[in-house]
Amino acid sequence: MSETPTTIDAGGAPTVRFADFGLAPEIERALSDQGYVHPTPIQAQAIPIVLQGRDVMGAAQTGTGKTASFSLPIIQLLLPHANTSMSPARHAVRALVLTPTRELAIQVAENVKAYAQHTPLRSTVVFGGMDMKPQTEILRRGVEIVIATPGRLLDHVEQKNISLAQVQMLVMDEADRMLDMGFLPDLQRIINLLPKKRQNLMFSATFSPEIKKLAGSFLNDPLTIEVARSNATNTSITQVLYKVDEEQKRNVVEHLIRARDLKQVLVFSNTKIGASRLARYLEQAGIKASAIHGDKTQQERIAALDAFKKGDIDVLVATDVAARGLDITDLPCVINYDLPYNAEDYVHRIGRTGRAGATGDALSVFSDKDERLLADIEKLIKQTITRGELTGFTPSRGHDRGAERPGERRGGRRETDHPRGERPERTERPGPRSMGAPRREKVDPWFLKPYEPSVAPRKDAAPAPAGSGKPKPKLAALLGGLPKQ
DNA sequence: AAAAAAC
């Protein structure tokens, strides 16, 4: 989705233009502001159906333009309800978008805001980990569209900061991921607060039996839209594997970054602590890097992502919080510092690069103990990944710049060993940074400031697909107990 | 096994 997506319309309708949908001029203006002319296949299919008011069950992979496929018709359908009054009483929440992660909520909200920028419709995003007050203030002034993570939304409901009684459109984005994360009870609670008569849109990367059951419970005679999705990975991604000693993994990652002079590289770690350590190791090696994971404060997460997008840092080391749904423009390379435990996650991770026709590299380092994980991955993607040669890499020993050795060896080191006075990071708090780690300028996210039109985001974020969806133990029971809506 | 999400 670089400028005008005139290509890669495989299962879609290549000649369709946004102008064919009969969208309001304000919306078309926002689209042309961003240089969009042709809808992606899912947009081409979904937009007319959503405009008709029908429920939709959509299956779409990362990079398919999912967000616009629901945002544009929402804005169109809500436009008659828009008004310019400052009185909160004149504004009611009419569309609700639920997402599994905070970053995804932010991204969706950025897109909605951009698409609605020439309309009087107001939108906001609410999610946890941040002060309730600014969110509360915006909600109380009145908005038509709310994008939220479930927990914080319920929090606002309990505090009577928001009423969901006027919601006429509900979107569940990455529904399979929400189930994975145990959001079903929260979803149930939220849906119980909505009017019975409403339009429901559900998006999911997978069509597991649980998802189908959820759709059967929450959706009303839905039309199913499926954009070709296979477990085969995007062919525009070049995948390479490097087998190395476990202890050398981070040195190899460092080497790869230097050898290729990588500027925008997303590195995945299986653990939060591993992500922090690798980021610190790279920083101490003189590479501009930050970590993003669930033990970071939300401010730090936002700051890290922002710094990465702006190019202030070259390397973002992430847990799977970033594996799905993050849309970073023109990401040329992803590195797996750990192979994921779940083979499906490999697909999600490397799907962060090579988006929408662009090419990308997905490099993975692994060691002996990962052979089984690797076998699972290759089985899933039905291909053998190229084994790469490390040229110019000298295995290092000893001079490891003060960071800890990765991993723990059977009967050997443990997490509690902290050479050279390093402390383990559990919950990282904001506060004085260690010397030499330059404090980044304070970010000033747009959603903290009510109604100040921000610069239009670059493009439609297409939230990623989610994983194979191992249901929680109680899931079946919960699903069994869902009322038919 | 790990990660994510409300206080």
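The figures here come from the full heavy-atom set of this structure, side chains too, leaving out hydrogens, waters and symmetry mates. Convention: sequence-line order gives letters A, B, ...; per-chain numbering from 1.
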Trainee: Restricting to salt bridge (Lys or Arg N to Asp or Glu O under 4.0 Å), what partner residues turn up for A:Asp370, sequence neighbours left out?
Mentor: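 Per chain and number, A:Asp370 pairs via salt bridge (Lys or Arg N to Asp or Glu O under 4.0 Å) with no residue.
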Trainee: Minimum heavy-atom separation for A:Pro100 and A:Met178, please, with both atom names.
Mentor: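 Here A:Pro100 and A:Met178 meet closest at CB-CG, 3.6 Å.
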Trainee: For A:Asp320 and B:dA5, what is the distance between atoms CG and C1' respectively, to the nearest whole Å?
Mentor: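 It is 15 Å, rounded to the nearest whole Å.
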Trainee: To the nearest Å, give me how far apart CG (A:Asp180) and P (B:dA3) are.
Mentor: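 About 15 Å, once rounded to whole Å.
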Trainee: With a cut-off of less than 4.0 Å, is there a side-chain N or O of A:Thr149 near OP1 or OP2 of B:dA6?
Mentor: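 Answer yes for this pair, as a side-chain N or O of A:Thr149 is under 4.0 Å from OP1 or OP2.
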Trainee: When you measure from the side chain of A:Glu158, which nucleotide among B:dA3, B:dA4, B:dA6 comes out closest?
Mentor: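 So the side chain of A:Glu158 is nearest to B:dA6.
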Trainee: Taking the minimum atom-to-atom distance to the side chain of A:Phe183, which one of B:dA3, B:dA2, B:dA5 wins?
Mentor: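 Minimum distance to the A:Phe183 side chain belongs to B:dA5.
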Trainee: Can you measure A:Asp338 atom CG to B:dA1 atom P for me and round it to whole angstrom units?
Mentor: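 So the two atoms are 16 Å apart, to the nearest Å.
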Trainee: Look at the side chain of A:Val321 and decide which nucleotide, out of B:dA6, B:dA4, B:dA1, has an atom nearest to it.
Mentor: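 Selected nucleotide: B:dA4.
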Trainee: Expressed in angstrom and rounded to an integer, what is the separation of A:Ile190 atom CD1 from B:dA6 atom C1'?
Mentor: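 Distance, rounded to whole Å: 11 Å.
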Trainee: Between B:dA5, B:dA4, B:dA6, spot the one nearest the side chain of A:Arg189, thanks.
Mentor: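 Minimum distance to the A:Arg189 side chain belongs to B:dA6.
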Trainee: What is the distance, to the nearest angstrom, from the CD1 atom on A:Ile273 to the C1' atom on B:dA3?
Mentor: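 My rounded result for the distance is 14 Å.
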Trainee: Establish, with yes or no, whether the OP1 or OP2 oxygen of B:dA5 is under 4.0 angstrom from a side-chain nitrogen or oxygen of A:Arg177.
Mentor: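 So the side-chain polar atoms of A:Arg177 never come under 4.0 Å of the phosphate oxygens OP1 or OP2 of B:dA5.
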Trainee: From B:dA2, B:dA3, B:dA5, pick the nucleotide closest to the side chain of A:Asp345?
Mentor: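 Closest nucleotide among those given: B:dA2.
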Trainee: Please report, rounded to the nearest Å, how far the P atom of B:dA4 is from the CD1 atom of A:Ile292.
Mentor: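 It works out to 9 Å between those atoms.
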Trainee: Measure CG/A:Asp370 against C1'/B:dA2 and give the value in whole Å, please.
Mentor: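 Answer to the nearest Å: 14 Å.
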Trainee: Can you check the A:Phe268 CZ to B:dA3 P distance for me, whole Å?
Mentor: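 Computing the A:Phe268:CZ to B:dA3:P distance gives 14 Å.
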Trainee: For a quick test of reading the model: is some side-chain N or O of A:Thr319 closer than 4.0 Å to OP1 or OP2 of B:dA4?
Mentor: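 The answer is yes; a side-chain N or O of A:Thr319 sits under 4.0 Å from OP1 or OP2.
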Trainee: Check salt bridge (Lys or Arg N to Asp or Glu O under 4.0 Å) between A:Arg102 and all other residues, then give those that pass, not counting sequence neighbours.
Mentor: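 Counting only residues at least two positions away or on another chain, A:Arg102 forms no salt bridge (Lys or Arg N to Asp or Glu O under 4.0 Å).
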Trainee: At under 4.0 Å, does any side-chain N or O of A:Arg301 touch on OP1 or OP2 of B:dA5?
Mentor: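 Affirmative; the distance criterion is met.
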Trainee: For A:Glu226 and A:Phe207, work out which heavy atoms get closest and say how close.
Mentor: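 Smallest interatomic distance, heavy atoms only, reads OE1-CE1, 3.8 Å.
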Trainee: What class does the angle between the rings of A:Phe70 and A:Phe203 fall in, given that below 30° is parallel, 30 to 60° is tilted and above 60° is perpendicular?
Mentor: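 Ring orientation of A:Phe70 relative to A:Phe203: tilted.
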